[in-house]
Amino acid sequence: MTHVVSEACIRCKYTDCVDVCPVDCFREGPNMLVIDPDECIDCAVCIPECPVNAIYAEEDLPADQLAFIKLNAELALADGWKSITKRKPALPDAEEWKDKTGKISELVR
């Protein structure tokens, strides 16, 4: 099993999680982070660090977020999605987006 970044991260991209990751499994896209399932060691230290509760153990992922298992794996290998290991400021309008749902159409690949 691995950990998965869900839809809650889209248009927020808080990076508190990357500071605590011991294996550098996070990848950064234009408006979301994902976890590379081949790098994740299931330590779970990232889960409590996410201010929008966007990270789940794969087995705990809500049913409406299951597509993010495949999406994390796909985007972790996508061109332009690079490893991120240091915290950065969240997106400028993250506070406006943090509690919204149904954001999949906002994902920039």
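None of the values given here were measured: they were computed from a predicted structure.
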Is it the case that one hydrophobic cluster holds both Val4 and Leu66, taking links as side-chain heavy atoms less than 4.5 Å apart, direct or via other members? yes
Would a 4.5 Å heavy-atom cut-off, applied to side chains only, mark Thr15 and Phe26 as touching? no
How far apart are the C-alpha atoms of Val52 and Asp99, what are their side-chain angles, what is the distance that settles it, and do they pass the side chain to side chain contact (heavy atoms under 4.5 Å, CB included) test? CA-CA 8 Å; Val52 294; Asp99 296 320; 5.9 Å; no
Considering residues, nucleotides and ligands other than Lys70, do more than 12 of their heavy atoms fall under 6.0 Å from its NZ? no
Run the side chain to side chain contact (heavy atoms under 4.5 Å, CB included) test on Cys9 and Tyr14 for me, step by step, so that the C-alpha distance in whole Å, both residues' side-chain angles and the decisive distance to 0.1 Å come before the verdict. CA-CA 7 Å; Cys9 187; Tyr14 290 99; over 6 Å; no
Same cluster for Leu91 and Val18 if Ile/Leu/Val/Met/Phe/Trp/Tyr side chains link at under 4.5 Å? no
Electrostatic pair Glu95-Lys98, nearest N-O below 4.0 angstrom: yes
Check whether any side-chain heavy atom of Pro22 lies under 4.5 Å from a side-chain heavy atom of Val45, and answer yes or no. yes
Taking Met32 as the starting point, is it possible to reach Ile84 by hopping between hydrophobic residues whose side chains are less than 4.5 Å apart? yes
One thing to verify: whether Asp19 and Lys86 come together as a salt bridge, which I'm taking to mean a side-chain N less than 4.0 angstrom from a carboxylate O. no
Rounded to the nearest 0.5 Å, the OG1 atom of Thr2 sits from the CD1 atom of Ile69 at a distance of 9.5 Å
Give me the atom names and distance for the closest heavy-atom approach of Cys46 to Cys17. CB-CB, 3.9 Å
Separation between CG of Leu77 and CG of Asn72, rounded to the nearest 0.5 Å: 11.0 Å
Could you tell me whether the side chain of Val108 reaches within less than 4.5 Å of the side chain of Ile10, counting heavy atoms only? no
Any pair counted as side-chain hydrogen bond (donor to acceptor under 3.5 Å, both in side chains), so long as it reaches residues 29-48, sequence neighbours left out: His3-Asp42, Arg27-Asp36
Over all heavy atoms of both residues, which pair between Ser6 and Asn53 is shortest? Give the atoms and the distance, please. OG-O, 4.4 Å
Shortest non-hydrogen contact between Asp16 and Glu49, atoms and distance: CB-O, 3.4 Å
For the CD1 atom of Ile35 and the CD atom of Glu58, what is their distance to the nearest 0.5 Å? 10.5 Å
Residues that Lys88 engages under side-chain hydrogen bond (donor to acceptor under 3.5 Å, both in side chains), provided they are two or more places apart: Glu28
Only counting residues at least two apart or in another chain, list the ones meeting side-chain contact (heavy atoms from CB on, under 4.5 Å) with Pro48. none
Transitive ILVMFWY side-chain link Trp97 to Ile55, under 4.5 Å: no
Taking all non-hydrogen atoms of both residues into account, name the closest pair between Ala94 and Ala90 and its distance. CB-CB, 3.8 Å
Could you pull out all residues at least two apart from Trp81 that satisfy side-chain hydrogen bond (donor to acceptor under 3.5 Å, both in side chains)? none
Taking side-chain contact (heavy atoms from CB on, under 4.5 Å) as the test, write out the residues that go with Pro62, two or more places apart. Tyr56, Asp64, Gln65
For residues Val34 and Ile47: do they belong to one hydrophobic cluster (side chain heavy atoms under 4.5 Å, members Ile, Leu, Val, Met, Phe, Trp, Tyr)? yes
Which ILVMFWY residues are connected to Val23, directly or by a chain of links, through side-chain heavy atoms under 4.5 Å apart? Ile41
Would you say Glu7 and Glu106 make side-chain contact, with heavy atoms under 4.5 Å? no
For a quick test of reading the model, state the closest non-hydrogen atom pair linking Ala8 to Lys103 and the distance between them. O-NZ, 2.9 Å
